[in-house]
Amino acid sequence: MADGKRFFFPATRLILAALVAGVLAGAVAVYVSESGSGNNAASGTVAAAAGKDDAACAAKAGRAKQVAAKAVGQVAALQPADPPQSLKSLAFNGPDGKPMTLADHAGKTVLLNLWATWCAPCRAEMPALDALQKEKGGNAFEVVAVNVDTGDDTKPKKFLKEIGVETLGFYRDPTIALFNEVKTRGLALGLPVTMLIDGEGCLIAHMNGPAEWSSPDAKRLVEAAVGP
C-alpha cells in the first residue's frame with residue numbers, strides 16, 4: 001500500500017497539472033485568436049479606406065489626361081496616370097527629420113521626385129527642380145524631392161551644397177522603402193522618378209528619367225496642374 005500511495009498521489013498531481021495547463025493553453029489560444037481578429041479588423045479598415053481613396057482618384061482620369069496634355073517639349077516624357085491612384089500613404093522624413101506621409105501635404109499640388117547622390121541624371125536635374133520650387137513654390141504647389149541614399153544625412157547634404165541647391169526642402173528616406181513601394185506600384189524603373197500629385201493625394205502624371213524642370217514647358221505644366 002505504501003508503494004501504491006507513493007505512486008498514486010504524484011500521478012494524480014500530474015494529471016491535475018496537465019488539466020490546469022490545458023485550460024490555460026485554451027485560454028491563451030482564445031486570447032490570441034481574439035487579438036488576431038482585432039488586428040485583422042483594423043487592417044481591413046485601412047484597406048477599405050485605401051480602396052475608397054483609390055476609387056475617388058480613379059474618377060479623375062479625365063483630369064489626369066487634361067493636365068498631362070500640357071506636358072510638352074522639355075517635359076514631354078510625363079505620362080497621365082492610368083488610372084489615377086491615391087499616394088497619400090507614401091512615407092518619408094520631413095525637413096525636420098520626423099516621419100510624415102504625403103497626406104501631410106493635403107491641399108497642395110506636389111511634384112514628388114526621388115533622387116540619390118549616386119544618380120548621375122539626378123545631379124543634372126536637381127538645380128532645375130530647385131529653380132522651379134523657388135519660382136512656383138508656395139501654398140498651392142511644392143517640389144518635394146526625397147533623397148533615398150542609405151546611411152546618414154552627411155553625403156546628401158554635402159551633395160546639395162556642391163550643386164548649389166538652396167530652396168528645396170530636405171526630405172529623406174534612408175530605408176529605400178519609399179522607392180520600393182513606388183516600384184511595386186509600377187511607377188519607378190530607376191532614378192530619378194517624378195510624380196505629379198494633386199491636393200487630394202491623387203497621382204495625376206508620372207515619368208522616369210530627368211527633365212528640365214526650370215523650363216517654360218515645366219512651368220506651364222505646373223500652372224495647369226494647380227489650376228481648376
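Note: hydrogens, waters and symmetry copies are ignored here, and every other heavy atom, side chains too, is used.
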If we ignore hydrogens and angles and just use 3.5 Å, is the side chain of D149 paired with the main-chain N or O of T117 as donor and acceptor?
yes

Looking only at heavy atoms, the pair that brings E142 and Q133 closest together is CA-OE1, 3.4 Å

Disulfide bond (SG atoms under 2.5 Å apart) contacts in which one or both residues fall within residues 107-139, not counting sequence neighbours:
C119-C122

Is atom CG of N139 surrounded by more than 12 heavy atoms (other residues, nucleotides or ligands) closer than 6.0 Å?
no

Just checking, any donor-acceptor pair under 3.5 angstrom between side chains of D152 and T154?
yes

Sequence neighbours excluded, which residues qualify as salt bridge (Lys or Arg N to Asp or Glu O under 4.0 Å) partners of D153?
R172

Validation: residues 160-169 side-chain donor-acceptor distances under 3.5 Å, sequence neighbours left out:
none

State plainly whether one hydrophobic cluster holds both V146 and F179, where clusters connect Ile, Leu, Val, Met, Phe, Trp and Tyr through side-chain heavy atoms under 4.5 angstrom apart.
yes

Pairs in or reaching into residues 52-87: which pass ring pair (Phe, Tyr, Trp, His ring centres under 6.0 Å), with residues at least two apart or in two chains?
none

Please check if L221 and F141 belong to a single hydrophobic cluster, counting links between Ile, Leu, Val, Met, Phe, Trp and Tyr side chain heavy atoms closer than 4.5 Å.
yes

Any side-chain heavy-atom pair of L87 and C57 under 4.5 Å:
no

Results of side-chain hydrogen bond (donor to acceptor under 3.5 Å, both in side chains) for D173 - residues two or more places apart only:
T175

Validation: residues 66-82 side-chain donor-acceptor distances under 3.5 Å, sequence neighbours left out:
residue: Q66; atom: OE1; partner: R63; partner atom: NH1; Å: 3.4
residue: Q79; atom: NE2; partner: A77; partner atom: O; Å: 3.4

In this structure, CH2 of W118 is separated from NZ of K155 (nearest 0.5 Å) by 10.0 Å

Testing the basics here: between M126 and F159, what is the closest heavy-atom pair and its distance to 0.1 Å?
CG-CE2, 4.2 Å

With sequence neighbours left out, which residue pairs that include part of residues 80-100 fulfil the ring pair (Phe, Tyr, Trp, His ring centres under 6.0 Å) condition?
F92-Y171

With the side chain counted from C-beta on, respond yes when W115 and E125 share a heavy-atom pair under 4.5 Å apart, and no when they do not.
no

Set of residues satisfying salt bridge (Lys or Arg N to Asp or Glu O under 4.0 Å) with respect to E212, sequence neighbours excluded:
none

Residues at least two apart in sequence or cross-chain that pass salt bridge (Lys or Arg N to Asp or Glu O under 4.0 Å) with D130, listed by chain then number, are none

For residues 182-203, dump all side-chain donor-acceptor pairs below 3.5 Å to protein atoms at least two apart in sequence or in another chain.
residue: T184; atom: OG1; partner: N180; partner atom: O; Å: 2.8
residue: R185; atom: NE; partner: E181; partner atom: OE2; Å: 3.4
residue: R185; atom: NH1; partner: Q85; partner atom: OE1; Å: 2.6
residue: R185; atom: NH1; partner: S86; partner atom: O; Å: 3.2
residue: R185; atom: NH2; partner: E181; partner atom: OE2; Å: 3.2
residue: T194; atom: OG1; partner: N113; partner atom: ND2; Å: 2.9
residue: D198; atom: OD1; partner: E200; partner atom: N; Å: 2.9
residue: D198; atom: OD1; partner: G201; partner atom: N; Å: 3.2
residue: D198; atom: OD1; partner: C202; partner atom: N; Å: 2.9
residue: D198; atom: OD2; partner: K60; partner atom: NZ; Å: 2.7
residue: E200; atom: OE1; partner: K60; partner atom: NZ; Å: 2.4

Disulfide bond (SG atoms under 2.5 Å apart) pairs, two or more places apart, involving residues 131-196:
none

When you group the ILVMFWY residues by side-chain heavy-atom contacts below 4.5 Å and let the links chain together, are L111 and V222 in the same group?
yes

Could you give all pairs that pass the ring pair (Phe, Tyr, Trp, His ring centres under 6.0 Å) test and reach residues 195-228, with sequence neighbours left out?
none

Straight-line distance of L114 CG to N208 CG, nearest 0.5 Å:
10.0 Å

Do L112 and V226 share a hydrophobic cluster, counting only Ile, Leu, Val, Met, Phe, Trp and Tyr and linking them when any side-chain heavy atoms are less than 4.5 Å apart?
no

Can you tell me how far apart OG (S214) and NZ (K134) are? Round to the nearest 0.5 Å.
12.0 Å

How long is the straight-line distance from CG of N147 back to CZ of F170, given to the nearest 0.5 Å?
5.5 Å

Spacing of N93 atom CG and K98 atom NZ [to the nearest 0.5 Å]
11.5 Å

